[in-house]
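This structure is a prediction, so every number in the text was calculated from the model and none was measured. Throughout, a chain's letter reflects where its sequence line sits, starting with A, and its residues are numbered from 1.
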Amino acid sequence: MFNNAAIIGVGQSAYTRRPEPGQSTHTFIRDAVVAALKDAELDAAEVQGMAVTSFSLAPDTAVDLAWKLGLSLRWLLQDTNGGSSAMNMLGHALRGVEMGAASPILIVAGDATGLAGYAKLASNYNIATREHLAPLGHGGPNGVYALVASRQMKKYGLEKSDYGHIAVSQRAWAAGNPYAVYRAPMTMDEYLAAPLVADPLSRYDCVPVIAGAQAIVVAHPDRAPKKRPGVRVRAIRHSFNYDNQSGDGLQTGISTFANELWQSAGVRPDDIDLASIYDDYPTMVLAQLNDLGLVPGNDLARFCRSEIAERTFPVNTFGGMMSAGQPGGPAGGLNGIAEAVLQLQHRAGERQVKDARLAVATGYGMTMYRYGGTAGAAILERAP
Amino acid sequence: MTPGVGIWRCTKCRTGFFPQPLLCARCHNDRFETDRVHDAVVEEISVIRHMLGQENWQPRRIASVRTSDGQLITVGLTGEAGPGATIELYQEENAPFGRDKT
Ligand SMILES: [Zn+2]
């Protein structure tokens, strides 16, 4: 439990499929920073630390961004863990604030790769991908997770429509998120009729690549705007390269720390009011929920058909990246954290989960060869 | 085209790896000798039907396979082999492929 550090503000840029001329990774990041500082009622001059992650900031690095934002800092971090970067930066920032290294710390992530930039990134993700996967025409992450999805369907007796419940229910949540790129309701028939991309994955199983940015502010809880308590983090854990890519990918790194996470937080899976689960693919949403112990009896099929389909357990109430859009994994992961904060502060508008008090958020990323190798999770709490 | 797929075998515990490691994940030895595996069993298959940025993409098959030496690798699949079939491995530069066993 962090007693002297809390999330005190969140902000995001517009999300868009096609950036206009003049819009870039840098301008989306700026827009998110401005929004988060305004939300936290902070002046930019007060910021002491910054953590940033992006697939498309290069050749600039964190210090260039600090310069361009006019921020003189005593704490600076650039993270490279993709979908779990946001969770990783949150951990570092909480510890940084708690220990007095810097406060407030701004955490920011954004991308505007464009489709061509994304295609290039997907085939040059790391040396293993460039040398051993891209020459097969593996289709980037879609091909990788198609194989993981087949394995999951076989192991847990899942039907294609079980993944559909995730896509359809997240789309229903997205209707309440003005920033989501896809907000029109989707039916199961529409989901099932979508063209296959990489069997068994079809269009609505694959996260849409968009441009945008997210930012949050971590500081001492006393710095939170009046009448709006900060959100506390009861526990946070991370895992990197948990199994040397030698397993089936149906468990994530979260499985290595889930028990410790709950124990440290002093709460149980039953106590959770909502979950922000990193959703690059429905397959990985189920894997992470299962690792966290949120799926009774590990019965993934039943969970999809009941809790998810009926929306009795709120998962990805901002629509998830699958409906809100994925501005690169880094900002996508931060979106889930920001949503948990809004929900716990009862500021989520028409998508508000009634009386939300406790949330779990995850990150999952870095498809090294056969599946992702990084993961993180946090238990967030509405301050009493 | 080279028959088989090149793997890296730890000189101490004899575990074989693909892709190439720096230290053995099992015993953390730093010496490897190269070896080749020729057979694998198909576990899961996908058909890549769309490729970002490609206009005239022809669908192609990939598979997750378990080699006769135990490595789990992803191959391009030529021929008709389905899950459970034993395939013959070959390599185009650094990329592993599999085809129906003759
Ligand atoms: Zn060894």
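- With respect to chain B, the highest number of heavy-atom pairs below 4.5 Å among A:G137, A:A146, A:G139 belongs to A:G137.
- Using a 4.5 Å heavy-atom cutoff, the side chains of A:V148 and B:S64 are not in contact.
- Side-chain contact between A:P135 and B:E92 is absent, with no heavy atoms from C-beta onward closer than 4.5 Å.
- In B:R9, the CZ atom is crowded: over 12 heavy atoms of neighbouring residues, nucleotides or ligands sit closer than 6.0 Å.
- The minimum heavy-atom distance between B:S46 and A:L147, with the atom names listed, is N-CD2, 3.7 Å.
- With sequence neighbours left out, A:Q23 forms a side-chain contact (heavy atoms from CB on, under 4.5 Å) with A:T16, A:P19, A:E20, A:T27, A:F28.
- The distance from atom NE2 of A:H138 to atom CE of B:M51, rounded to the nearest 0.5 Å, is 7.5 Å.
- Judged by distance alone, the side chain of B:H50 and the main-chain N or O of A:A198 form no donor-acceptor pair under 3.5 Å.
- Around atom CD1 of A:I127, no more than 12 heavy atoms belonging to other residues, nucleotides or ligands sit under 6.0 Å away.
- Atom CG of A:N142 and atom CZ of B:R49 lie 13.0 Å apart (nearest 0.5 Å).
- When each of B:A25, B:P96, B:G70 is checked for heavy-atom pairs under 4.5 Å with chain A, B:P96 comes out on top.
- Counting heavy atoms of neighbouring residues, nucleotides and ligands inside a 6.0 Å radius, atom CZ of B:R31 does not exceed 12 of them.
- Proximity to chain B (any heavy atom under 4.5 Å) is restricted, for A:L133, to the side chain, taken from C-beta onward.
- Between A:D199 atom CG and B:R61 atom CZ the span is 10.0 Å, to the nearest 0.5 Å.
- Contact of A:S123 with chain B is not made at all, since no heavy-atom distance falls under 4.5 Å.
- Between chain A and the residues B:W57, B:F18, B:F17, the most heavy-atom pairs under 4.5 angstrom are made by B:F18.
- Taken to the nearest 0.5 Å, the CD atom of B:Q20 stands 8.0 Å off from the NE2 atom of A:H132.
- Contact of B:I45 with chain A is made through the backbone alone, with heavy-atom distances under 4.5 Å.
- Interface remark: of the candidates B:V47, B:L77, B:I73, B:V47 forms the most heavy-atom pairs closer than 4.5 Å to chain A.
- Proximity to chain B is absent for every atom of A:K120, based on heavy atoms less than 4.5 angstrom apart.
- For A:R370, the part sitting under 4.5 Å from any heavy atom of chain B is the side chain, from C-beta outward, and nothing else.
- Between the A:Y369 side chain and the B:T74 main chain, a donor and an acceptor come within less than 3.5 Å of each other.
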